[in-house]
There are 2 protein chains.
Amino acid sequence: MDTELLKGTLTLLILSLLSRKPMYGYEIASTVHSDTSGAFTWREGSLYPSLHKLEANGLITGEWEETDGGRKRKVYHITPRGREALDEKQRSWTELQAAVNCVLEKSHGQA
Amino acid sequence: MDTELLKGTLTLLILSLLSRKPMYGYEIASTVHSDTSGAFTWREGSLYPSLHKLEANGLITGEWEETDGGRKRKVYHITPRGREALDEKQRSWTELQAAVNCVLEKSHGQA
DNA sequence: CGATGTACATAGAATTTCTATGTATAGGAA
DNA sequence: TTCCTATACATAGAAATTCTATGTACATCG
């Protein structure tokens, strides 16, 4: 997979995943990995800074939680503002697809 | 339009446009602008460096041309290697769309 | 008791794209 | 004629995103 094209989808997908239910970072990474059949494999160095940025922007909130095993996790919830941002990003994504596909189709068969 | 998502599509679209016919930089920018009904407006500071990079990588070749009016333009042609790269990038784009839409759909209706 | 998996984090590098600026000419408007 | 706009290319530096590499720490399984 061309990693160049992946850029910008991270935020969209994090918000989409958190709209299902609250998740912690590691869970987000493994969920997107399995949901995309391994097409997306986010590095921790990309994911955690993105989560911090989304939290700083008020789109998600994180709370420390302790599992039965005594392990600590930071569970993120999407905020109302986060849901608005998700809606907007989804619309942008739809527009982007349409615009790119329009150019590709116009090229098709020519030359 | 969310400019974050646009990243990575520049190379794909330049190659796609040049697969139609040879074009010069300014023409590429105005064509993509009109083809996408203004959804994409590449800055010259993004376009020209990208063209130089594609040329350095052997995916396109540029030749200076002079118009009747005496104006100079650099007309770019796609190379065989450029066509291969275009095919590959188009496949990646299709995969990316599928993967992202799969995640978005799985989130739909939940929570 | 060591390896692996879980779980978070940051520093620095690499890459992409944008902003700002510069040069130069053609053609129409004032 | 002179100025403004559109055409046409270019680069330097900044900003943003993502990756690589590294570090910490604990649980569990073999």
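Quantities reported herein were computed from a predicted structural model and do not represent experimental measurements. Order of the sequence lines sets the chain letters (A, B, ...), proteins ahead of strands, with each chain counted from 1.
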Whole angstrom value for the distance that separates P of C:dC8 from CG of A:Leu47: 9 Å
Flag, side chain of B:Thr36 to backbone of B:Val32, donor-acceptor distance under 3.5 Å: yes
Charged N-O contact under 4.0 Å between B:Glu84 and B:Lys89: no
Selected nucleotide, minimal atom distance to A:Ser50 side chain, candidates C:dT19, D:dT18, C:dT17: D:dT18
Check ion pair B:Arg71-B:Glu65 (N to O, under 4.0 angstrom): no
Short side-chain donor-acceptor distance under 3.5 Å, A:Thr41 and A:His33: yes
Donor-acceptor contact present, side-chain B:Ser46 to main-chain B:Trp42, <3.5 Å: no
Whole-Å gap separating C1' (D:dA15) and CZ (B:Arg43): 15 Å
Pair A:Ser16-B:Ser107, side-chain donor/acceptor within less than 3.5 Å: yes
Nearest-Å distance for atom pair CD/C1', residues B:Glu66 and C:dA24: 13 Å
Whole-Å distance separating the NE2 atom of B:His33 from the P atom of D:dA6: 13 Å
Letter per nucleotide, 5' to 3', of nucleotides 7-13 of chain D [B base touched, S only sugar-phosphate touched, - untouched; heavy atoms, 4.0 Å]: BBBBB--
Short side-chain N/O contact to C:dT16 OP1/OP2 from B:Lys53, under 4.0 Å: yes
